[in-house]
Amino acid sequence: MAKHTTNTDDAMQQLLDIMAQLRNPDGGCPWDLKQDFRSILPHTLEEAYEVADAIESDDRMQLRDELGDLLFQVVFYCQLAREEGSFEFADVAQTMSDKLIRRHPHVFGPQANGLKQGATGLDADQVLERWESIKQAERDAKQQHSVLDDVPNALPAMQRSAKLQKRAANVGFDWPDLTPVLANMAEELEEVQKAFASGDKDHTLEELGDLMFACVNMARHLKQDPEQVMRAANAKFERRFRFLESQLLEAGEQLENVSLERMDAGWDAAKAQGL
């Protein structure tokens, strides 16, 4: 394990102080002073995906840097909120601590204020089930009218689909195993084919959406994140296509000048290489 000499409290306070100075009208940064909650949102999403890339590349130094960039986004939001008087970084940290303690009674016990060690003995599935039960109680306390109420609209579509399905499953709206899920995927594919044959583009796109929704459902039943499944598929496509490009380049051929059959042969070669 790496040896750490940096004091966490000091480092965090330094970051908060830097952010405050960047937003200081007297000598601050013109770009930072111009920003608001909405303007930095795209940067936050970009930084989150860069964290995911660093994890998938197994590059710990890159991950450290990208987590710093993501943390800066949190600090930026907290500074904006501090300026308008709504909350501060300490409030965010305390709210998160309270939530984690509340949702982990098997670790901290019913008397959470002293971080008391609770009774363990639960497996991961039981912990998840209890977590969802506690979250549902929190939603009930907020008097939400639907189990779907707080699934964010801003999530990537596949991730939001999985969350919607998971919420419905928590109240029993779900198939018991993969067999009907696979049957549903086959049914949706058949409906896409029928819609396409009819020449109705809008209907075809609607049925395509249903098929994609069914594919997300299969990933969920396999306990996999559909976004990660799709990222893996993208990576495989990229590996194979880059191999195809390199093979054509070595043969002195230009990609845009070869036939589809020639490209298919290169693709098959990439598959034969195990790419």
I need the full list of salt bridge (charged side-chain N to carboxylate O under 4.0 Å, His left out) pairs touching [range], with sequence neighbours left out, sorted by first then second residue.
range: residues 194-208; answer: Glu190-Lys194
range: residues 63-79; answer: none
range: residues 210-227; answer: Asp174-Arg220

(Q) More than 12 heavy atoms of other residues, nucleotides or ligands under 6.0 Å from CZ of Arg239: yes or no? (A) yes

Q. Within a radius of less than 6.0 Å around CZ of Phe196, do more than 12 heavy atoms belonging to other residues, nucleotides or ligands occur?
A. no

Answer whether the closest heavy-atom distance between the side chains of [X] and [Y] falls below 4.5 Å.
X: Ser39; Y: Asp36; result: yes
X: Glu253; Y: Asn257; result: no
X: Met12; Y: Phe89; result: yes
X: Tyr49; Y: Leu70; result: no

Does a donor on one side chain sit under 3.5 Å from an acceptor on the other, for [X] and [Y]?
X: Ser161; Y: Gln165; result: yes
X: Gln228; Y: Gln224; result: no
X: Gln13; Y: Asp9; result: no

Hey, quick one: are [X] and [Y] part of the same hydrophobic cluster, counting side-chain heavy atoms closer than 4.5 Å, chains of contacts allowed?
X: Leu155; Y: Met212; result: no
X: Leu255; Y: Leu260; result: yes
X: Met19; Y: Leu33; result: no
X: Tyr77; Y: Phe72; result: yes
X: Val51; Y: Leu45; result: no

Hey, what do you get for [atom1] ([X]) to [atom2] ([Y]), rounding to the nearest 0.5 Å?
X: Leu244; Y: Met263; atom1: CG; atom2: CE; value: 7.0 Å
X: Leu182; Y: Met218; atom1: CG; atom2: CE; value: 4.5 Å
X: Ser57; Y: Gln62; atom1: OG; atom2: CD; value: 4.5 Å
X: Met96; Y: Lys99; atom1: CE; atom2: NZ; value: 5.0 Å
X: Asp59; Y: Asp53; atom1: CG; atom2: CG; value: 11.0 Å
X: Phe76; Y: Thr44; atom1: CZ; atom2: OG1; value: 9.5 Å

Q) With a cutoff of under 4.5 Å between side-chain heavy atoms, which Ile, Leu, Val, Met, Phe, Trp and Tyr residues group with Met230? A) Met158, Val216

**Q.** Other cluster members, Val92 - Ile/Leu/Val/Met/Phe/Trp/Tyr, side-chain contacts below 4.5 Å
**A.** Phe87

Which heavy atom of [X] sits nearest to which heavy atom of [Y], and what is that distance?
X: Asp26; Y: Gln21; answer: O-NE2, 3.7 Å
X: Leu222; Y: Leu178; answer: CD2-CD1, 3.5 Å
X: Leu211; Y: Met185; answer: CD1-O, 3.6 Å
X: Leu275; Y: Lys236; answer: O-CG, 4.3 Å
X: Glu188; Y: Ala214; answer: CG-CB, 4.2 Å
X: Val75; Y: Leu15; answer: CG2-CD2, 3.8 Å

Q. Which residues satisfy the salt bridge (Lys or Arg N to Asp or Glu O under 4.0 Å) test with Glu46, sequence neighbours excluded?
A. none

Q. Who pairs with Glu245 by salt bridge (Lys or Arg N to Asp or Glu O under 4.0 Å), at least two apart in sequence or on another chain?
A. none

Q. Is there a donor-acceptor contact under 3.5 Å from the side chain of His221 to the main chain of Asn217?
A. no

**Q.** Test item: Arg23 side-chain N/O and Asp32 main-chain N/O as donor-acceptor pair under 3.5 Å
**A.**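 Flag set: sc Arg23 to bb Asp32 pair under 3.5 Å.
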
Contacts of [X] that satisfy side chain to side chain contact (heavy atoms under 4.5 Å, CB included) - sequence neighbours left out:
X: Glu84; result: Phe37, Ser86
X: Glu88; result: Arg82, Asp91
X: Ile18; result: Gln14, Leu22

Q | side-chain contact (heavy atoms from CB on, under 4.5 Å) between Ile40 and Leu80, worked out | A | CA-CA 11 Å; Ile40 61 174; Leu80 293 173; 4.1 Å; yes

Q. Which pairs count as ring pair (Phe, Tyr, Trp, His ring centres under 6.0 Å) when at least one residue sits in residues 223-254, sequence neighbours excluded?
A. Phe237-Phe241, Phe237-Trp267

**Q.** side chain to side chain donor-acceptor pair (under 3.5 Å) against Gln94, all qualifying residues, sequence neighbours excluded
**A.** Asp98

